[in-house]
Engineer: 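This is the structure, below, for whatever I ask next.
The figures that follow rest on heavy atoms only: side chains count, while hydrogens, waters and symmetry mates do not.
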Amino acid sequence: MGIKINLDICMARRKISAGELAERIGITPANLSILKNNKAKAIRFSTLEALCAVLECQPGDILEYDAGKMKVIVREED
Amino acid sequence: MWTKRKSVILSLICTRVLIGLFVVAAVVLPFMLSGGHYGTSREAGAIYVGMTKETVIALLICAYACFVPAMIALFSLDRLLRNIRKDMVFVGANVRCLRIISWCCFVVAAILLGGWPFITSTLIVVAAAAAFFGLLMRVVKNVIDAACEIKDENDYTI
């Protein structure tokens with residue numbers, strides 16, 4: 001999908017493990033893994049807020065828009 | 001106390017009993033229709049008044065032709081119920097089972113429509129009922145398919 005989640009960078013900066021992060025923000029390690037591997041289809045504001053609070057960063061540090069990954073449909077006009 | 005689990009088990013039992021009855025019927029039907037002259041060269045005396053030998057043969061052909069899609073539908077129903085028992089409700093496998101059941105109903109309707117000129121016009125009503133049930137299953141399949149998408153979206157919302 002077009003939105004990438006850069007959790008690894010933020011986690012490395014704060015030197016926090018996946019298990020600890022999952023526990024502190026109140027989600028399961030499996031769900032955190034879904035986020036980290038960009039398999040998530042949506043993220044709740046409450047989860048994003050918790051991530052930003054624990055990792056001491058802004059949403060823009062975690063979320064990145066990648067235009068190259070978007071599927072673009074081109075229609076030829078007559 | 002009656003629970004959802006017991007309800008699923010009851011449905012499973014009924015499905016398996018029906019499968020057994022169908023198998024028994026498939027074996028016994030020629031004997032029943034021929035009035036006890038199964039496998040002999042004697043003129044078949046049908047148990048139903050007014051049925052000619054040709055009608056009995058046509059009825060047997062129709063019945064055995066319907067037997068195959070009916071068994072496929074029943075086994076799909078069994079698989080569907082086993083999945084529900086394992087708490088796997090909104091999954092692709094169940095959508096496939098419902099699709100198979102709906103197509104089996106349409107096939108049965110087509111067979112009965114093909115057979116009614118040789119047997120009895122009552123088969124038109126049975127064919128219509130089978131087609132209606134097939135359509136019903138198709139709509140249920142569409143509903144479960146949509147539910148699978150919603151569940152998928154929900155499961156991947158963190």
Engineer: To see if you've got the definition right, give the donor-acceptor pairs under 3.5 angstrom between chain B and chain A.
Structural biologist:
unit_1	atom_1	unit_2	atom_2	d
B:D152	OD2	A:K41	NZ	2.8
B:Y156	O	A:K41	N	2.8
B:Y156	O	A:A42	N	3.3
B:I158	N	A:A42	O	3.0
B:I158	O	A:R44	N	2.9
B:I158	O	A:T47	OG1	3.1

Engineer: Should B:F118 and B:V126 be regarded as members of a common hydrophobic cluster, given that ILVMFWY residues are connected when their side-chain heavy atoms come within less than 4.5 Å of each other, either directly or indirectly?
Structural biologist: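 Yes, B:F118 and B:V126 fall within the same hydrophobic cluster.
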Engineer: Are A:I5 and A:I34 linked, directly or through intermediate hydrophobic residues, by side-chain heavy-atom contacts shorter than 4.5 Å (ILVMFWY only)?
Structural biologist: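 The answer is yes; both residues are in one hydrophobic cluster.
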Engineer: Tell me, yes or no, whether the heavy-atom count around B:F132 atom CZ, taken from other residues, nucleotides or ligands under 6.0 Å, exceeds 12.
Structural biologist: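 It does not: B:F132 CZ has 12 such atoms or fewer within range.
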Engineer: In Å, rounded to the nearest 0.5 Å, how long is the span from CD1 of B:I158 to CD1 of A:I27?
Structural biologist: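 Result: 6.0 Å between the selected atoms.
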Engineer: In terms of heavy-atom contacts, does CZ of B:F75 have more than 12 from other residues, nucleotides or ligands at under 6.0 Å?
Structural biologist: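 No, not enclosed.
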Engineer: Do the side chains of B:F90 and B:V95 join up, straight or via other hydrophobic residues, at under 4.5 Å, putting them in one cluster?
Structural biologist: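 Yes; B:V95 is reachable from B:F90 via cluster members.
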Engineer: So if you build clusters from Ile, Leu, Val, Met, Phe, Trp, Tyr with side-chain heavy-atom gaps below 4.5 Å, do A:I62 and A:I43 land together?
Structural biologist: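 A:I62 clusters together with A:I43.
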